[in-house]
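To start, the structure under review is shown below, and the notes come after it.
Keep in mind that this is a model prediction, so the values were computed, not measured.
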Amino acid sequence: MWGRDLRRGLNGPKNLTWQKQCNDHYCDHLDLGINLTPESLESSYTVKVTAINSLGSASSFPFSFTLLDIVRPLPPWDIRIKFVNASVDRCTLLWRDEGLVLLNRLRYRPINSRSWNMVNVTNAKGRHDLLDLKPFTEYEFQISSKLHLYKGSWSDWSESLRTQTPEEEPIGMLNVWYMRQHIDYNRQQISLFWKNLSLSEARGKILHYQVTLQKVAGGEITLQNITEHTSWTWVIPRTGNWAAAVSAANSKGSSLPTRINITDLCGAELLAPQQVLAKSEGMDKLMVTWTPPEKATAAVQEYVVEWRELHPGAGMQPPLGWLWSPPYRLSALISENIKPYICYEIRVHALAGDQGGCNSTRGNSQHKAPLSGPHINAISEEKGSVLISWDEIPAREQMGCILHYRIYWKERDSNSQPQLCEIPYRISPNSHPIDSLQPRVTYVLWMTALTAAGESPQGNEREFCLQGKANWSTFVAPSICMAVIMVGVLSMRCFRQKVFVLLLALRPQWCSKEIPDPANSTWAKKYPIVEEKTQLALDRLLTDWPTPEEPEPLVINEVLCRVTPVFRPPHHRSWSEKGQGVRGHYTSEEDTGYSASSPPPPRAPTAETGQGVDLYKVLGSKGPDSKPGNPASPLTILPVDYLPTHDGYLPSNMDYLPSHEAPITDPLEELPQHISLSIFPSSSLRPLTFSCGEKLTLDQLKMGCGSLML
């Protein structure tokens with residue numbers, strides 16, 4: 001509408017009229033500048049707007065109202081709350097308001113709630129008591145006002161007041177669980193766990209927990225402790241039945257204690273639940289199901305589902321979660337402390353009085369193939385098999401529950417497909433024997449791990465060669481046979497002598513004495529017998545022998561060539577036929593025949609031939625012109641076997657026993673021939689290096705051992 005001016009008129013009680021003109025073409029409101037008194041709050045007013053231009057005027061319809069319809073009071077201010085006797089049972093909310101206000105409304109709520117509690121108060125005069133507030137809870141308060149009980153409009157809400165209510169004594173009871181572990185034959189470790197009370201149950205800040213442990217019999221208190229944590233561990237004797245009680249305390253008091261009997265949670269096999277399974281129900285939930293024990297279903301009073309992380313990080317104690325279930329419920333949805341890609345050990349306990357049975361399983365909410373393989377840390381040989389030990393995959397790399405391990409092996413530098421052995425996790429979590437490796441073959445071994453999602457990469461490689469141990473039974477039978485054969489062979493005299501000769505031949509030189517003792521020679525042992533046989537002839541010889549005042553030198557002819565002696569011992573008569581015995585060496589004409597120019601007839605060597613029986617011998621013989629019975633013939637001493645070395649010794653290994661007589665039996669004669677194994681060369685057979693003329697006397701002769709005979 002196009003016009004030149006705008007007029008507004010107001011008609012009030014008692015025919016009062018107010019008019020005002022607005023010259024602005026775009027005027028949409030107009031202040032009449034009228035102050036109304038409180039007495040006129042319910043008076044009726046009518047307003048009309050008229051627009052005028054050069055063509056004419058137009059008026060609106062009249063609009064009637066009262067003062068209460070258009071007036072809004074200011075919101076309350078200076079809000080505060082007062083707790084009588086520091087108790088939440090009676091608290092007073094205070095505020096300030098306009099004097100004309102007849103109605104107030106209050107709203108309040110806990111700080112973590114979305115819904116409000118509403119209260120309307122008439123003629124409150126800035127004060128109201130609240131009786132339903134919860135202890136130790138932070139609340140938000142707001143107030144608005146109205147001038148009339150039924151008419152008019154509400155004021156805006158006041159600014160919020162936030163405050164916390166006082167504490168009260170706890171009213172809840174703790175949810176307590178425990179674990180029992182044997183340390184040795186007379187001690188056990190008891191670990192108690194409990195959950196925090198809810199805010200409505202705690203009704204204040206819990207300052208500490210009081211733990212009491214006592215024997216059931218007698219009821220005397222054994223141990224009391226105060227802790228700020230939600231677990232407590234202690235070592236107690238294994239004897240007797242024990243009970244525990246735990247209560248929570250704040251500044252106003254303590255809660256009622258929760259009592260629990262300490263029993264063997266898995267001691268009764270008949271109470272063990274059956275077919276315990278865990279199934280994922282999302283990223284952070286697991287559904288655990290089970291069936292009741294077959295023979296003790298009616299005895300079960302309640303079930304407890306317990307779970308904890310299977311492989312926590314190093315130095316970490318995984319939190320224990322549990323919940324109680326009535327005997328008619330055979331499943332539980334667990335969500336407390338459940339994380340994806342983490343394996344949890346889940347155990348279901350069935351309790352009946354002071355007995356309990358349990359069964360367990362493993363589960364995870366989400367899983368992937370492991371990020372790495374097991375690390376083989378040791379390979380050892382035990383009783384013909386190989387024991388492989390490994391380190392578990394770190395918990396954060398398992399990506400779920402390990403179901404199986406696989407051990408691969410193949411020969412080193414081989415292109416063939418490796419062999420493998422699959423091991424269930426529950427059977428061998430960190431070691432397993434393998435008995436299919438061949439001895440003295442070098443193998444390369446490695447491992448992998450499997451979850452429900454797949455197989456991990458291979459772990460480290462290790463080389464191993466099974467040394468193997470020979471089976472003792474393979475040596476027993478041959479050893480017994482060889483022993484029987486050796487005993488049979490050595491029981492025969494000829495074989496025994498040959499074996500003894502062989503052993504002596506293999507004996508090293510350092511095992512022999514450096515200088516043989518002549519007293520131990522065979523000749524020294526035989527000499528007394530020979531001396532007795534030749535005593536008569538020697539006595540006769542000495543009788544006819546001239547006895548000068550000085551002994552005649554004994555002439556020894558030096559022979560440069562080797563002389564081979566041949567002995568034919570004389571036939572001696574019995575002692576009754578002999579005459580007077582003569583001590584000495586006696587040789588008759590038919591007894592001995594030897595020559596340096598003509599070789600003697602061959603003869604078979606006796607047992608003593610070649611044996612070093614003495615260091616030297618003196619041989620007596622008649623000359624060519626001697627006759628039997630001529631005792632005056634001088635004895636001719638000839639060297640035997642070989643001439644002495646440069647040291648002047650005259651060694652001899654001659655045998656002079658009669659060949660046609662039966663040899664005298666001596667135990668030493670049965671010994672085999674000595675065999676020289678000297679590592680030093682024997683001395684050459686050469687004449688004495690010193691000159692003594694035609695005669696060699698005994699005072700010029702040095703006797704000794706020229707060579708070492710074994």
Taking the side chain as everything from C-beta on, heavy atoms only, tell me whether Tyr443 gets closer than 4.5 Å to Phe464. no
Which heavy-atom pair separates Glu168 from Ser87 by the least distance, and what is that distance? OE2-OG, 3.3 Å
Heavy-atom side-chain contact between Glu167 and Pro135 under 4.5 Å: no
Looking at residues at least two apart in the chain, or sitting in another chain, which of them share a salt bridge (charged side-chain N to carboxylate O under 4.0 Å, His left out) with Asp78? Arg80
Step-by-step side chain to side chain contact (heavy atoms under 4.5 Å, CB included) determination, Leu102 to Asn123: CA-CA 5 Å; Leu102 297 178; Asn123 296 322; 3.7 Å; yes
Does anything in residues 343-398 form a disulfide bond (SG atoms under 2.5 Å apart)? List the pairs, not counting sequence neighbours. Cys266-Cys358, Cys343-Cys401
Applying ring pair (Phe, Tyr, Trp, His ring centres under 6.0 Å), can you list everything that pairs with Trp234, at least two apart in sequence or on another chain? Trp232
Any side-chain to backbone donor/acceptor pair from Ser145 onto Pro75? Under 3.5 Å, distance only. no
Would you call Glu461 and Tyr408 a side-chain contact if the rule is heavy atoms closer than 4.5 Å? no
Looking at Arg238, I'd like to know if its CZ atom is crowded, meaning that more than 12 non-hydrogen atoms belonging to other residues, nucleotides or ligands lie closer than 6.0 Å. yes
Taking ring pair (Phe, Tyr, Trp, His ring centres under 6.0 Å) as the test, write out the residues that go with Trp390, two or more places apart. Tyr405
Ile423 vs Ile407 side-chain heavy atoms within contact, under 4.5 Å: yes
Do Tyr139 side-chain atoms and Lys134 backbone N/O form a donor-acceptor pair below 3.5 Å? yes
Minimum heavy-atom separation for Pro370 and Ser456, please, with both atom names. CB-CB, 3.4 Å
Please give me the minimum heavy-atom distance between Thr289 and Ser331, naming the atom from each residue. CG2-CB, 3.9 Å
Using the salt bridge (charged side-chain N to carboxylate O under 4.0 Å, His left out) rule, take Glu345 and Arg347 through it: C-alpha gap first, then chi angles, then the decisive distance, then the call. CA-CA 7 Å; Glu345 183 180 11; Arg347 185 171 297 179; 3.5 Å; yes
Taking it one step at a time, do Ile334 and Val288 satisfy side chain to side chain contact (heavy atoms under 4.5 Å, CB included)? CA-CA 8 Å; Ile334 59 177; Val288 182; 4.0 Å; yes
Restricting to non-hydrogen atoms, name the atom on Met118 and the atom on Trp157 that form the minimum distance, rounded to 0.1 Å. CE-CH2, 3.8 Å
Assess the side chains of Asp97 and Asn104: does a donor N or O sit below 3.5 Å from an acceptor N or O? yes
Does some side-chain heavy atom of Ser158 sit less than 4.5 Å from a side-chain heavy atom of Phe141? no
Taking only residues two or more places apart in sequence, or in another chain, which ones meet Asp264 in a salt bridge (charged side-chain N to carboxylate O under 4.0 Å, His left out)? none
Sequence neighbours left out, what passes salt bridge (charged side-chain N to carboxylate O under 4.0 Å, His left out) with Glu336? Give chain and number order. Lys195
Evaluation steps, side-chain hydrogen bond (donor to acceptor under 3.5 Å, both in side chains), between Glu397 and Ser372: CA-CA 7 Å; Glu397 298 180 6; Ser372 62; 2.5 Å; yes
For the ring pair Trp324 and Tyr303, is the centre-to-centre distance below 6.0 Å? no
Short side-chain to backbone donor-acceptor contact, Thr451 and Lys368, under 3.5 Å: yes
So, does Thr122 use its side chain to make a donor-acceptor pair with the main chain of Leu103 at under 3.5 Å? no
Got a donor-acceptor contact below 3.5 angstrom from the Ser365 side chain to the Met283 backbone? yes
Is it true that the side chains of Thr92 and Asp129 contain a donor and an acceptor less than 3.5 Å apart? yes
As a quick check of understanding, evaluate side-chain hydrogen bond (donor to acceptor under 3.5 Å, both in side chains) for Thr263 and Asp354, giving each step before the final call. CA-CA 6 Å; Thr263 61; Asp354 58 350; over 6 Å; no
Indicate yes or no for a side-chain donor-acceptor contact from Arg203 to the backbone of Glu169 under 3.5 Å, with no hydrogens or angles considered. yes
For residues Val300 and Pro293, report the shortest heavy-atom separation together with the two atoms involved. CG2-CG, 3.8 Å
Shortest non-hydrogen separation from Gly204 to Asn250 and the atoms involved: CA-ND2, 3.8 Å
Could you tell me if Asp132 and Tyr108 have a donor-acceptor pair between their side chains, going purely by distance under 3.5 Å? yes
Side chains of Ser160 and Gln142: is there a donor and an acceptor less than 3.5 Å apart? yes
With no hydrogens and no angle check, is any side-chain donor or acceptor of Asn460 less than 3.5 Å from a backbone partner on Trp446? no
Does any pair with a residue in residues 104-122 pass salt bridge (Lys or Arg N to Asp or Glu O under 4.0 Å), and if so which ones, sequence neighbours excluded? Arg109-Glu140
Can you establish whether the number of heavy atoms outside Lys252 located under 6.0 Å from its atom NZ is more than 12? yes
Steps toward side-chain hydrogen bond (donor to acceptor under 3.5 Å, both in side chains) verdict (Asn175, Trp322): CA-CA 9 Å; Asn175 185 355; Trp322 72 94; 3.1 Å; yes
Quick check against the 3.5 Å criterion: does Glu302 have a side-chain atom that pairs as donor or acceptor with the backbone of Leu351? no
Does anything in residues 244-280 form a ring-ring contact (aromatic ring centres under 6.0 Å, His included)? List the pairs, not counting sequence neighbours. none
Between Arg96 (side chain) and Gly126 (backbone), is there a donor-acceptor pair under 3.5 Å? no
For residues 174-194, the salt bridge (Lys or Arg N to Asp or Glu O under 4.0 Å) pairs (sequence neighbours left out) are Asp184-Arg187
Would a 4.5 Å heavy-atom cut-off, applied to side chains only, mark Ile262 and Leu192 as touching? yes
Regarding Ser144 and Ser155, do their side chains bring together a donor and an acceptor under 3.5 Å, going by distance alone? no
Applying side chain to side chain contact (heavy atoms under 4.5 Å, CB included), run through Ile81 and Leu94 and close with a yes or a no. CA-CA 6 Å; Ile81 191 169; Leu94 304 174; over 6 Å; no
Tell me, which pairs form a ring-ring contact (aromatic ring centres under 6.0 Å, His included) where one or both residues lie in residues 336-362, sequence neighbours left out? Trp177-His349
Tell me, do Ile236 and Trp242 make a side-chain contact under 4.5 Å, heavy atoms counted? yes
Which pairs, with at least one residue in residues 408-436 and sequence neighbours excluded, count as a salt bridge (Lys or Arg N to Asp or Glu O under 4.0 Å)? Arg406-Glu422, Arg412-Glu463
With sequence neighbours excluded, what pairs up with Glu228 under the salt bridge (charged side-chain N to carboxylate O under 4.0 Å, His left out) test? none
Within the structure provided, determine whether Ile183 and Gln188 are in side-chain contact (heavy-atom separation under 4.5 Å). no
Greater than 12 external heavy atoms within 6.0 Å of Glu269's CD: no
